[in-house]
Amino acid sequence: MESNENTRETNVQSNFIREIIDEDLKAAKNASRVHTRFPPEPNGYLHIGHAKSICLNFGIATDYKGLCNLRFDDTNPSAEDVEYVNSIKEDIKWLGFDWEDREYYASNYFDQLYEYAVKLINKGKAYVDSSSSDEIKNMRGTPTVAGQLSPYRGRSIEENLDIFTKMKAGEFKDGEHVLRSKFDMSSPNMNLRDPIMYRIRHAEHHRTGDKWCIYPMYDWAHGQSDSIEGITHSICTLEFENHRPLYDWYIKELEIFHPQQIEFARLNLNYTVMSKRKLLQLVEDGIVNGWDDPRMPTISGYRRRGYTPESIRSFAEKVGVAKRDNVIDVSLLEFSIREDLNKRSQRVMAVLNPLKITISNYPADKVEMLEAVNNPEDETMGKRLVPFSREIYIEKDDFMEIPAKKFFRLSPGNEVRLRYAYIIKCEEVVKDPSTGEVIELICTYDVETKSGSDKTGKKVKGTLHWVSAKEAIDAEIRLYERLFSEEDPLGDKEKDFKSFINPESLRVLHNSKLEPFLKDAKSGDRFQFERQGYFCVDSIDSTPENLVFNRTVTLRDSWAKIQKNS
RNA sequence: UGGCGGAUCGUCUAAUGGUAGGACUACGCCCUUUGGAGGCGUCUGUAGAGGUUCGACUCCUCUUCCGCCAGCCA
């Protein structure tokens with residue numbers, strides 16, 4: 001349906017990172033090269049916070065005519081999986097970015113990293129520690145108390161080399177030894193207290209199989225990986241700021257290319273959680289239906305929900321880049337998708353909760369085909385024909401037997417316009433005798449008021465959407481709301497975040513009636529259901545026989561606001 | 001109370017010694033055959049106290065508050 005799914009926006013706003021790059025370019029640093037990278041660990045699906053980082057890194061590369069690599073930080077085989085690398089690649093592509101042939105893995109560098117480690121041992125800057133993990137922990141000290149030197153810290157270079165070789169050769173069990181850098185056990189920066197470089201892990205790696213049984217720690221792998229790839233600007237989140245002195249030290253001791261690390265504040269959204277660990281819990285506990293559940297803040301979740309790549313890119317642009325902690329209001333994300341879909345989506349009429357109307361003075365066998373505009377924001381999208389007949393459905397919410405103040409819709413004796421059709425008047429209310437529920441309305445129409453040729457000058461306050469009963473097609477509609485009912489689900493230290501799940505986060509409607517235009521809707525197609533919101537065909541569960549639509553986002557609803565404030 | 005980093009409308013984000021601006025939200029009004037969209041407008045902000053200066057969000061001093069760091073996770 002959309003042909004321009006993956007075009008780039010222009011007019012990007014500057015930020016402190018771009019200013020640093022501007023200065024570097026002015027000073028002709030790195031031969032005026034700009035090379036970034038996006039370095040996910042394949043241990044979960046990408047979320048909207050990653051989208052910010054992707055847009056930042058790939059966006060900078062594009063705008064400065066540089067390059068951006070995709071590099072998987074796959075240094076921990078026990079958490080990682082190819083399922084995740086595939087989903088990550090799909091998500092980045094869908095967002096509209098291209099790493100060309102630069103798909104790299106930290107595991108590509110395991111041999112080089114091993115050589116670097118040997119070099120550090122030879123320089124007397126690394127040693128094998130044979131303490132247990134508890135002992136190491138206890139000797140580390142606290143932020144205010146210096147750590148103690150490991151009894152193994154004084155081992156000779158020869159002995160270190162010997163044991164490290166045997167570690168690699170698989171002669172020890174998990175946890176028997178680690179390789180540590182000999183840095184500073186009394187540093188006030190905990191990251192510098194002889195950080196571990198290698199641990200023994202007899203685990204199958206999704207790329208290197210069983211070639212290795214020692215795996216580098218992130219802190220040992222990351223900076224050198226950047227260096228090997230010639231990354232000029234290594235952009236990461238704030239929590240790695242404390243690690244930068246370590247990365248700089250490794251680079252200096254190894255005498256290799258020095259990428260500049262720049263830290264920015266990660267994205268947080270209210271009414272959701274953003275850590276992969278917590279999202280994994282929601283998946284594993286069955287609270288949501290997988291990583292791509294439309295309620296998840298994952299890229300695949302938003303995609304299935306009906307968000308466009310453009311809307312997410314535009315959102316990433318709007319939130320900005322800075323160093324202070326932030327919590328973005330989800331309404332900004334919702335604004336971004338409405339803004340995009342308003343311009344491009346096909347309009348259509350769909351009755352979510354049907355109420356039958358019989359137009360008593362309309363001929364029983366007559367069917368009129370009425371002209372409807374496909375998108376008032378874009379004339380080139382043309383028009384379509386919608387069938388109209390004696391029996392139609394309107395939305396239950398569009399009728400009130402005793403109208404509230406400012407209720408402009410249908411009520412007994414009142415007139416409203418049917419979109420693209422006639423003005424009707426409610427003459428009679430039919431109720432279920434046992435429950436008192438309104439089950440049908442008997443109305444009359446004014447033949448002179450046909451849309452487009454109405455010369456009666458009649459003015460009505462409300463316009464309703466509708467579908468012709470006989471021609472209507474059925475569909476399942478999934479109404480999504482925010483996943484959590486609390487703005488900050490992690491804010492209460494006493495209660496588990498999962499207890500704040502919004503019970504209304506998913507409501508399924510089975511009796512919805514759609515205009516026949518929708519019968520050919522394809523997986524992923526997006527529409528505006530007039531007066532309701534934006535919906536898309538579910539990519540997993542929808543079939544031509546059983547259409548399933550997901551509500552991406554509601555339209556802004558000023559009537560709901562009036563009700564809420566009264 | 002060790003180190004590092006932060007603090008500008010309700011929420012984000014600009015202003016880099018010279019008119020505190022934009023976006024979202026909220027609230028009005030106009031318009032409307034989507035109570036949509038659009039248009040116009042309003043509210044609200046430099047954490048506090050001193051100092052330097054003709055002039056301070058910006059520079060200096062002190063204070064307060066917030067985040068991160070004690071994984072063989074990333």
Side-chain angles (χ1 to χ4, degrees), chain A residues 13-15 19 39-41 43 73 75-76 78-80 129 131-133 136-138 140-147 174-180 186-193 195-201 214-215 217-219 221-222 236-245 263 265 267 270 276-277 318-336 338-339 342-343 347 349 373 376-377 406-409 416-421 423 449 451-452 454 459-465 528-533 554-562 565:
Chain A
Q13 207 201 311
S14 191
N15 55 53
E19 281 172 17
E41 186 194 11
N43 68 341
D73 258 324
T75 56
N76 182 3
S78 33
E80 297 153 8
D129 196 333
S131 311
S132 72
S133 89
I136 289 177
K137 181 182 172 163
N138 293 333
R140 189 152 27 223
T142 70
T144 50
V145 178
D174 287 10
E176 278 190 65
H177 308 279
V178 290
L179 186 73
R180 301 179 75 177
S186 60
S187 172
N189 181 347
M190 298 294 290
N191 299 113
L192 273 33
R193 318 250 261 227
I196 291 167
M197 297 160 66
Y198 278 95
R199 74 283 216 193
I200 300 172
R201 209 68 133 216
I214 56 171
Y215 289 95
M217 297 288 290
Y218 173 88
D219 273 354
H222 194 84
C236 66
T237 43
L238 250 28
E239 68 269 28
F240 294 106
E241 205 156 23
N242 294 335
H243 300 234
R244 180 161 23 95
E263 309 86 7
L267 172 76
N270 59 10
K276 277 197 267 185
R277 222 192 92 244
K318 283 194 262 275
V319 298
V321 179
K323 291 199 77 158
R324 52 177 162 265
D325 292 331
N326 62 80
V327 182
I328 309 293
D329 199 320
V330 280
S331 65
L332 185 62
L333 217 211
E334 293 173 350
F335 170 81
S336 303
R338 285 194 190 107
E339 180 187 42
N342 173 53
K343 283 182 301 200
R347 268 62 168 176
M349 291 196 285
V373 173
E377 304 291 318
K406 291 189 179 171
F407 183 80
F408 300 151
R409 282 113 95 145
V416 292
R417 174 168 290 284
L418 293 176
R419 181 91 159 135
Y420 300 123
I423 289 176
T449 59
S451 191
D454 183 350
K459 287 284 175 204
V460 289
K461 286 271 216 173
T463 300
L464 309 188
H465 63 277
Q528 184 195 100
F529 290 1
E530 290 210 30
R531 303 209 305 133
Q532 299 283 353
T554 62
L555 253 25
R556 287 184 58 212
D557 187 350
S558 44
W559 167 240
K561 221 168 270 178
I562 291 168
N565 294 341

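So you know, we letter chains A, B, ... as the sequences are listed, proteins then strands, and number each from 1. Hydrogens, waters and symmetry mates play no part in the numbers below; they use all other heavy atoms, side chains included.
- Checked against B:C12, B:C24, B:G5, the side chain of A:V327 finds its nearest nucleotide in B:C12.
- If you measure from atom CG of A:N242 to atom C1' of B:G2, you get 12 Å, rounded to the nearest angstrom.
- Checking B:U19 for Watson-Crick or G-U wobble geometry (two distances, each under 3.5 Å) identifies no partner in any strand.
- With contacts defined as side-chain heavy-atom distances shorter than 4.5 Å, the pair A:D454/A:I423 qualifies.
- Closest heavy-atom contact between A:L555 and A:Q528: CD1-NE2, 3.8 Å.
- Using a 4.0 Å heavy-atom criterion, one finds that A:H243 contacts the bases of the nucleic acid, with or without backbone contacts as well.
- The separation of B:A23 from B:U58, taken at their P atoms, amounts to 25 Å, rounded to a whole angstrom.
- B:A14 and B:U33 have their P atoms separated by 42 Å, with the value rounded to a whole Å.
- When every heavy atom of A:N43 is checked against every heavy atom of A:K276, the shortest pair comes out as OD1-NZ, 2.6 Å.
- Using a 4.0 Å heavy-atom distance criterion, A:S78 is classed as making no nucleic acid contact.
- The distance between atom CG of A:L333 and atom C1' of B:A23, rounded to the nearest whole Å, is 14 Å.
- Counting distance only, with no hydrogens placed and no angle test, the side-chain atoms of A:Q532 and the base atoms of B:U34 include no donor-acceptor pair under 3.5 Å.
- Side-chain atoms of A:I328 lie closest to B:C12 of the nucleotides B:C12, B:G35, B:A14.
- Checked by distance alone, A:R324 brings no side-chain donor or acceptor within 3.5 Å of a matching partner on the base of B:G67.
- Comparing B:G51 with B:G39, their C1' atoms are spaced 48 Å from each other, to the whole Å.
- The two residues A:R180 and A:D129 make their nearest non-hydrogen contact at NH1-OD2, 2.9 Å.
- The residue A:M349 sits apart from the nucleic acid: no heavy atom pair falls under 4.0 Å.
- At a threshold of 4.0 angstrom between heavy atoms, the contacts of A:L464 with the nucleic acid are absent.
- Searching all strands for a Watson-Crick or G-U wobble partner of B:A49 with both distances below 3.5 Å returns B:U61.
- Relative to the side chain of A:A322, the nucleotides B:A74, B:G35, B:U13 differ in distance, and B:U13 lies closest.
- When distances run from any side-chain atom of A:E19 to the nucleotides B:A15, B:U25, B:C72, the shortest one goes to B:A15.
- When the C1' atom of B:G71 is taken as reference, atom OH of A:Y218 falls 15 Å away, rounded to whole Å.
- You'll find that the side chain of A:N326 is closest to B:U13, out of B:G36, B:U13, B:A74.
- Residue A:S451 places a side-chain atom within donor-acceptor reach of the base of B:U33, judged by atom type and a 3.5 Å distance cut-off alone.
- Which of B:A70, B:G35, B:C24 sits closest to the side chain of A:M190 comes down to B:A70.
- One C1' atom belongs to B:G45, the other to B:U13, and the distance between them is 13 Å to the nearest Å.
- Rounded to whole Å, the distance from CZ on A:F335 to C1' on B:U13 is 15 Å.
- A sub-4.0 Å separation between OP1 or OP2 of B:G35 and a side-chain N or O of A:R556 is absent.
- Taking atom P on both B:A47 and B:C12, the two are 14 Å apart, rounded to the nearest angstrom.
- Within 4.0 Å of A:Y198, counting heavy atoms only, lies no atom of the nucleic acid at all.
- Distance CG (A:L192) to C1' (B:G2): 13 Å, rounded to an integer number of Å.
- When each of B:G35, B:A70, B:A37 is scored by its nearest atom to the side-chain atoms of A:E377, the top-ranked nucleotide is B:A37.
- Remark: B:G41 base-pairs with B:C27; criterion is Watson-Crick or G-U wobble with both hydrogen-bond distances under 3.5 Å.
- At a threshold of 4.0 angstrom between heavy atoms, the contacts of A:G533 with the nucleic acid are absent.
- Nucleotides B:U63 and B:G3, compared at atom P, are 13 Å apart to the nearest Å.
- Against the 90° criterion about 0, the sugar-base torsion of B:G71 places it in the syn range.
- If you check every strand for non-hydrogen atoms under 4.0 Å, A:F240 touches a base.
- For A:V319, whose side chain is taken as the heavy atoms from C-beta onward, the closest listed nucleotide among B:C12, B:U34, B:C72 is B:C12.
- Among the protein residues, A:S558 comes within range of the sugar-phosphate backbone only, with heavy atoms under 4.0 Å from sugar or phosphate atoms but none that close to a base.
- Among the heavy atoms of the strands, none lies under 4.0 Å from A:R193.
- An OP1 or OP2 oxygen of B:C73 is reached within less than 4.0 angstrom by a side-chain nitrogen or oxygen of A:R199.
- When the C1' atom of B:C27 is taken as reference, atom NZ of A:K561 falls 9 Å away, rounded to whole Å.
- Base pairing of B:A74 is not made with any nucleotide, judged by Watson-Crick or G-U wobble geometry with both donor-acceptor distances under 3.5 Å.
- Counting any heavy atom pair closer than 4.0 Å across all strands shown, A:T463 reaches sugar-phosphate atoms only and no base atom.
- Contact record, A:N342 with A:R347: OD1-NH2, 2.8 Å, taken as the closest heavy-atom pair.
- Rounded to the nearest Å, the gap between the P atom of B:U25 and that of B:A20 is 27 Å.
- Atom CG of A:N565 and atom C1' of B:G28 are 12 Å apart (whole Å).
- Taking a pair to require two hydrogen-bonding distances under 3.5 Å in either a Watson-Crick or a G-U wobble arrangement, B:U32 remains unpaired.
- With no hydrogens or angles considered, a side-chain donor-acceptor pair links A:S331 and A:D329 at under 3.5 Å.
- Spacing between atom CZ of A:F408 and atom P of B:G36 amounts to 11 Å, rounded to whole angstrom units.
- Base contact: A:S132 has a heavy atom under 4.0 Å from a base atom.
- For A:S131 and A:P188, each mapped to the nucleotide of RNA chain B holding its nearest heavy atom, the one lying further toward the 5' end belongs to A:P188.
- Taking both residues in full, the closest heavy atoms of A:A265 and A:R324 are given as CB-O, 3.1 Å, listed atom of the first, atom of the second, then distance.
- Listed nucleotides: B:A37, B:G6, B:U34. Nearest to the side chain of A:N342: B:A37.
- Mapping A:L418 and A:R244 onto RNA chain B via the closest heavy atom, the residue that lands nearer the 5' end is A:R244.
- A:P245 comes within 4.0 angstrom of no nucleic acid atom, judged by non-hydrogen atoms across all strands.
- B:G6 and B:A74 are spaced 26 Å apart, taking the P atom of each and rounding to whole Å.
- Residue contacts for A:V460: at a heavy-atom cut-off of 4.0 Å it reaches no nucleic acid atom on any strand shown.
- When each of B:A74, B:G67, B:G35 is scored by its nearest atom to the side-chain atoms of A:F407, the top-ranked nucleotide is B:G35.
- Contact record, A:N76 with A:S78: OD1-OG, 2.8 Å, taken as the closest heavy-atom pair.
- The shortest side-chain heavy-atom distance between A:H243 and A:H222 does not fall under the 4.5 Å cut-off.
- In this model, a side-chain donor or acceptor of A:R417 finds a partner on the base of B:U33 within 3.5 Å.
- Residue A:T75 places at least one side-chain N or O closer than 4.0 Å to OP1 or OP2 of B:A74.
- Base engagement by A:T142 is indicated by at least one non-hydrogen atom pair under 4.0 Å involving a base atom.
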